[in-house]
Every structure is written in C-alpha cells, then in structure tokens.
Number of protein chains: 2
Amino acid sequence: MPFSNVAERREQPPTLAVSTVIFSLRDDERTGRKSLWLPLVRRTREPFRGQWALPGGPLGPRDSLLDAAANNLRDTTGLIPRYLEQLYAFGDLDRSPTRRVVSIVYWALVREDDPHDTATSVLLDDPNVAWFRAEDPEVLGNLAFDHREIIEYALWRLRNKVEYGSIAHRLLGERFTLAQVREVYEAVLDKELDPANFRRTLRSTPDIEETDEFLSGGKHRPPRLYRYTGSTTHPLESENIS
Amino acid sequence: MPFSNVAERREQPPTLAVSTVIFSLRDDERTGRKSLWLPLVRRTREPFRGQWALPGGPLGPRDSLLDAAANNLRDTTGLIPRYLEQLYAFGDLDRSPTRRVVSIVYWALVREDDPHDTATSVLLDDPNVAWFRAEDPEVLGNLAFDHREIIEYALWRLRNKVEYGSIAHRLLGERFTLAQVREVYEAVLDKELDPANFRRTLRSTPDIEETDEFLSGGKHRPPRLYRYTGSTTHPLESENIS
DNA sequence: CTTAGTTCTGGTCAAGTTGACACTAACTGG
DNA sequence: CCAGTTAGTGTCAACTTGACCAGAACTAAG
C-alpha cells in the first residue's frame, strides 16, 4: 500500500478515473417480467480484490471523458454502447482506501441483441465479467468502493428520466412493438400498466412512428412495429461515441 | 506558457478544477418581470485575461468536490449559498488553451436577501465581481473558456427542473407569497402565468404549507405567506455544505 | 370619507387527459 | 374449426387544465 496514513495520502493530487453503469433489459424468472440487469467486473487487485465492481479505469491524457468511458468499457467488457450519458462525478475523500480518486461516472443503456454489442462473446468467455440483477440486494451489498451508491443513484436517475422523457427505445431495437416499450416501462417503474391506455398515450407522442411491418411468430395477432424519431435530450447528454 | 504545443501538453495528467454557476432572481427593467442573474469574476491572468468567467479554482487535496466549490465561491465572491448541486463534469481536451483541465461544475440558487449571503458587501467593493443577466447575449458571447456552454446548460437544467419539481423556494426566503413563487416560474420559463390557476396547482401540492401570516405593505390586499416543506431531491443532490 | 387602483383569492365552465374496462380482430396450435 | 392469446378500438366517468369572472382587502388620491 503506497501510503501509510490518511493525512499523507490526502496530500497527493487527486487521481481521475472514469466508470460506467450499464443497464440492459433481461428476462427475470423471479418476477415473470423483464427487469434491469447490469454487468460487473471482478477486481483482480487490491483494494477489494475478488469483489465485483463497476467497469472503469483511469482517465488517459488523450481521451475526452466520454471517450475514456467508451474505450474502457470496450476493453474490459467488450461492450460498445450506442448511448452513454454522464451520470455524476464522485469525489469524496474516502471513496478508495488507498488513494484519493475522483470518478466521473457514465451510464449506458444497451440492448441484449444489439449488433454493436459484441459483449456476448467476451462476457461468456471471461469469468471476471458477469451480469447481475440491478436491484439484487446480495449483489449491491458486496460491491467494491462506493459502487453501491453509484448504482442506486443511476437507478433513481433512470426512473426519473423514463417518467418524463422517452429513453425506452434505447433499450430496444430499431423497430419495436408497443408491448416491448411497455415492458421497459414496467421493468423500470416496477408496476404493471394497462396495455390499452399505454398504447393511447404512446401513440399521442410525436416521437414514435408507425411502420408498415408487423412482428409475426407469436401465438397471437401479430403486433405492428414502430420506430423512434425525435430527440428530446440536451446536446450535452446525447453526444455520440467517437 | 508552460507547454509549446498540443501534443506535449496532452501528455500531462489532467488538472481538476471546480466551478460554480450561481443564479439569483432580480428585477429586470427590460422585461418588467424578474429574471435570472448570475455573478461572474474577471480573469486577472492569462489565458482570457480581462474577460469574465465563472467563479472557480483548483480542487484542493483535502476538499470534497462540494466543499471545494463552496470554499472557492466564498473566497472569490463572498457568496455562501445554502444550496449547491452538481451540474456536470466538463473534460474536453481543448477547453483550456494552455492545460488539460477537467472541471466539475456545480450550480447554486441564492436569494438576493439571504442572511447567509454576505455577497452584497463583497460584490459591491470588488470591481472584478459583478452580476449579469444570465441570458444577455453580450455577456454570453464574451466569456472565457467554454463557460458560455456551461451557463446555457445550467439554464436548460434549471428549466427542466423547475417544471417537474419545486426548487422555486430556494430562490426565495423562508416565507413567501404565492405571487413570489409565480414570479420565479415566470422568470425561469419566460412566460406569464395565470395567478388564479397557478395558485390552484400550488395549493394542491403537499410541499407548500400555509402560514397564519400575511405580507403587508403593498398597495393592495395583503397576500398570505407560505412555507416550504417536503424534499423531493435525491440525497446526492441535496447534500448540505459543511 | 369616498373612491379609484391594485392584487389576492375563490369560483365556474368547457376542453382535454387519465384510468378502468368491455369488446372485437387476428394470429397459433391442437 | 375451436380454444387460447395478445393486438387494438371504443366508451365512460373522474380528474386536470386553461380562460376568465367577480368579490375581498388593502393603499393612495382627492
């Protein structure tokens, strides 16, 4: 351990790191509904060796914050999310037991079946990366650093955001049924919604556009597919990955 | 200038700084209504010497991010806001022409007549600190660094926030009339609101409580004073200044 | 003292939105 | 072709919203 006491390490200039909370929608046998999952990486070094943590790493001198988050994510998990938004900067003095670290945390929404998302292969092969239910108390209770608070804050932000904006499409594919959008809302808000009323409100927003296609294969009338148009987020919050 | 070219300075570890956008509500003769004002400090050193900039400074090794913002604000402007919330971390490579700087930006809402707010004296005596209309194009067009974008983003966040939460009371005193709350909304949203309807909606929220007092002195029927109760913000976003 | 001017405050009404729910449409699988 | 399942439409009552009216309660002018 590089510093023997708190006073000493506090004199060091703060280190800058970047981490990411990634949410995806997956089936949850426990509830029968879909719910939110997130990938974690196992720490291979002290402190917190062996415990699960958010993917992250130091800020390189040549990377913007966003690039640093995206690059690190690619390297540690194989994920290349289309959507990455800054969540919060965490800078308390005692976040890490060994050094003063300020972490800029990003959050991402990914789709299980995204073609960009090469993660499936990487994640399956690497025992140090795995997906967990975002609200599993077992998981949240044993994370490294202050990552529990970070995830809980990310969940809070997600809920707030889904309520008054449309980010649901980021968890879905290019085309989607209204029932899929409803599943997103149900997973995030954790309650059931009336399909008919939900349809009515969604169709009244200008952001979602009907296509001529239908999704067949279910044991029922094939639902129409829709497409997302429009952008309600601030430029700062919708930068694209370079 | 410490580094002669871009490639060289980019190899340096990023410097961490903290800045703050402070909004206050003041009379605006131009519109007749109240509008948002913010204090800026004149830069005394290169780069951007002589131009106006947000108050800010480097992150000290012993300060949390919030403390750093609060302390710096006190030292440069004399302001001690009750409310300080993290806005965003700005970290693009070319924000500063001389060094790589990552700035954690906070934003604050202060009241003109806050007893905490010792700023009046300091601000009046110091020619390098002054208040400006937050949306004055003259001012926004001549700021140092990327501070124009930062302020515009802060305004955007403020509008979003005031729409679905109650932060108006932070710009007002302990007790306030409903008309004062309406003035806040009118200033932030930049449109007039119907007093009767506004009253109806405000009184239906549980966050605002009637008192037995009335405000006399106006040339009209004295309005009842109200008090704010309740807290809708996430713990992370309502930390108190130490 | 009266009256004009002002804002506060309570109310009404029509239009729009929301939640609950009934019912028909269109597919699959036996 | 019939049962099962979800898609999608329609309706109704309750609630919310915006526009506006009118009385209440103060100050200031005469």
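Note on naming: letters A, B, ... go to the chains in the order of the sequence lines (proteins, then strands), and numbering restarts at 1 for each one. Not measured: the values here are computed from a predicted model.
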**Item:** Side-chain donor-acceptor pair present, Ser103(B), Arg95(B), cut-off under 3.5 Å
**Value:** yes
**Request:** May I ask you to decide if the ring planes of Trp156(A) and Tyr153(A) are parallel, tilted or perpendicular, using 30° and 60° as cut-offs?
**Result:** parallel
**Request:** Would you mind reading off the distance between Leu215(A) atom CG and dT5(D) atom P, rounded to a whole angstrom?
**Result:** 19 Å
**Request:** For Asp28(B) and Arg133(B), run salt bridge (Lys or Arg N to Asp or Glu O under 4.0 Å): C-alpha distance rounded to whole Å, both residues' side-chain angles, the deciding distance at 0.1 Å, then the answer.
**Result:** CA-CA 8 Å; Asp28(B) 187 348; Arg133(B) 287 200 318 114; 3.5 Å; yes
**Asked** Which nucleotide of DNA chain C is the first, and which the last, in the 5' to 3' direction, to come under 4.0 Å of a heavy atom belonging to chain B?
**Response** dG5(C) to dT12(C)
**Request:** To the nearest Å, give me how far apart CZ (Arg203(A)) and P (dG8(D)) are.
**Result:** 8 Å
**Complete:** Of Ser204(A) and Ser216(A), the one whose nearest nucleotide on DNA chain C sits closer to the 5' end is Ser204(A)
**Request:** Produce a footprint string for nucleotides 15-25 of chain D: one letter per nucleotide, 5' end first; B if the base is under 4.0 Å from any protein heavy atom, S if only the sugar-phosphate is, - if neither.
**Result:** --BBBB--BBB
**Message:** Parallel, tilted or perpendicular, judged at 30° and 60°: which one describes the rings of His169(A) and Tyr228(A)?
**Reply:** parallel
**Asked** Pick the nucleotide of DNA chain C nearest each of Gly217(A) and Ala179(B); which residue has the one closer to the 5' end?
**Response** Ala179(B)
**Request:** Return the set of residues passing side-chain hydrogen bond (donor to acceptor under 3.5 Å, both in side chains) with Arg74(A) (not counting sequence neighbours), or none when no residue passes.
**Result:** Asn71(A)
**Val188(B) versus Arg159(B), closest heavy-atom pair with distance** = O-NE, 2.8 Å
**Asked** Which heavy atom in Tyr226(A) sits nearest to a heavy atom in Leu178(A), and how many Å separate them?
**Response** CE1-CG, 3.4 Å
**Prompt:** Where do Lys191(A) and Glu186(A) land on the salt bridge (Lys or Arg N to Asp or Glu O under 4.0 Å) test, with the steps shown first?
**Reply:** CA-CA 5 Å; Lys191(A) 66 173 174 186; Glu186(A) 288 181 338; over 6 Å; no
